[in-house]
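Note that this is a predicted model, so its numbers are computed, not measured.
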Amino acid sequence: MKRNIIINIVVTLSTLVVIGLIIVSYFIIKNINKNNDNDDLITITIHAKDVDGNLVINKELEVKGGQTLYQILNSEFTIIMGTGANDGMLVGFSEISSSPSENIWFIIYINGDYAMYGIKDYIPIDEDIILFALETY
């Protein structure tokens, strides 16, 4: 009986912690998007490296805040998105392209960190440095 009460207390507390983390995460993401959901201009830097690591694109852009990275790239560069099995993936960017048959893909880094979002989901913030690197996987 006493053991069941302890288990119920632990489960209840654990559930409350998880719910708290979800709520905090929601407000953090909402605040980030709120900061970008406006007509203010932001400055971002776009880099792209070929499979050998050579920098082929190095461009600073001043763009309207609140746009997705896809919208920005689509208006500033020639991009090709995948279809079929590669649907939604960036496969061509200006003069460089991925090669799925050779397992060469665009990997996106935002401010030096591996991107956790795709270009259709990420909304850049002021001073972002975004790298598109062709890498073999």
Worked check of side-chain contact (heavy atoms from CB on, under 4.5 Å) between I42 and I125: CA-CA 7 Å; I42 63 170; I125 60 175; 5.7 Å; no
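- Listed by first and then second residue, the side-chain hydrogen bond (donor to acceptor under 3.5 Å, both in side chains) pairs involving residues 70-79 are T68-Q71 (not counting sequence neighbours).
- Qualifying side-chain contact (heavy atoms from CB on, under 4.5 Å) partners for A48, counting only residues two or more places apart in sequence or in other chains: V56, I57, F93, I96, F132.
- Here the CE-CG distance, from M81 to L90, works out to 6.0 Å after rounding to the nearest 0.5 Å.
- Without hydrogens or angle criteria, N103 side chain to Y137 main chain gives a donor-acceptor distance under 3.5 Å.
- Atoms CD1 and CG, from I107 and L134 in turn, are 8.5 Å apart once rounded to the nearest 0.5 Å.
- Counting heavy atoms from C-beta outward, I130 and I108 have side chains that approach closer than 4.5 Å.
- Distance OH/Y117 to CG/L69: 13.0 Å, rounded to 0.5 Å.
- With sequence neighbours excluded, no residue forms a side-chain hydrogen bond (donor to acceptor under 3.5 Å, both in side chains) with E62.
- Nearest approach of S98 to F106, heavy atoms of both residues: N-CE1, 3.7 Å.
- When side chains are defined from C-beta on, I72 does not count as touching I119, because their heavy atoms never get closer than 4.5 Å.
- No path of Ile, Leu, Val, Met, Phe, Trp and Tyr side chains, each step under 4.5 Å between heavy atoms, connects I129 with L131, placing them in separate hydrophobic clusters.
- In this structure I7 satisfies the side-chain contact (heavy atoms from CB on, under 4.5 Å) test together with R3, V11, sequence neighbours excluded.
- Applying the side-chain hydrogen bond (donor to acceptor under 3.5 Å, both in side chains) rule to N111 yields the partners D128; only residues at least two apart in sequence or on another chain are considered.
- When side chains are defined from C-beta on, M89 counts as touching W105, because their heavy atoms get closer than 4.5 Å.
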Mind running side-chain contact (heavy atoms from CB on, under 4.5 Å) on V63 and L41 for me, showing each step along the way? CA-CA 5 Å; V63 296; L41 292 178; 5.9 Å; no
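- The distance from atom OG1 of T136 to atom CD1 of I104, rounded to the nearest 0.5 Å, is 4.5 Å.
- Partners of S97 by side-chain contact (heavy atoms from CB on, under 4.5 Å), not counting sequence neighbours: none found.
- Chaining together hydrophobic side chains whose heavy atoms lie under 4.5 Å apart places V91 alongside I80.
- Shown here are the side-chain contact (heavy atoms from CB on, under 4.5 Å) partners of T83, two or more places apart in sequence or in another chain: there are none.
- Closest approach of S94 to F77, counting heavy atoms only: OG-CD2, 3.4 Å.
- Within the structure, side-chain hydrogen bond (donor to acceptor under 3.5 Å, both in side chains) pairs that include any residue of residues 44-55 comprise H47-N58, D50-N54 (at least two apart or interchain).
- Proximity of a side-chain donor or acceptor of D126 to a complementary backbone N or O of T43 within less than 3.5 Å is detected.
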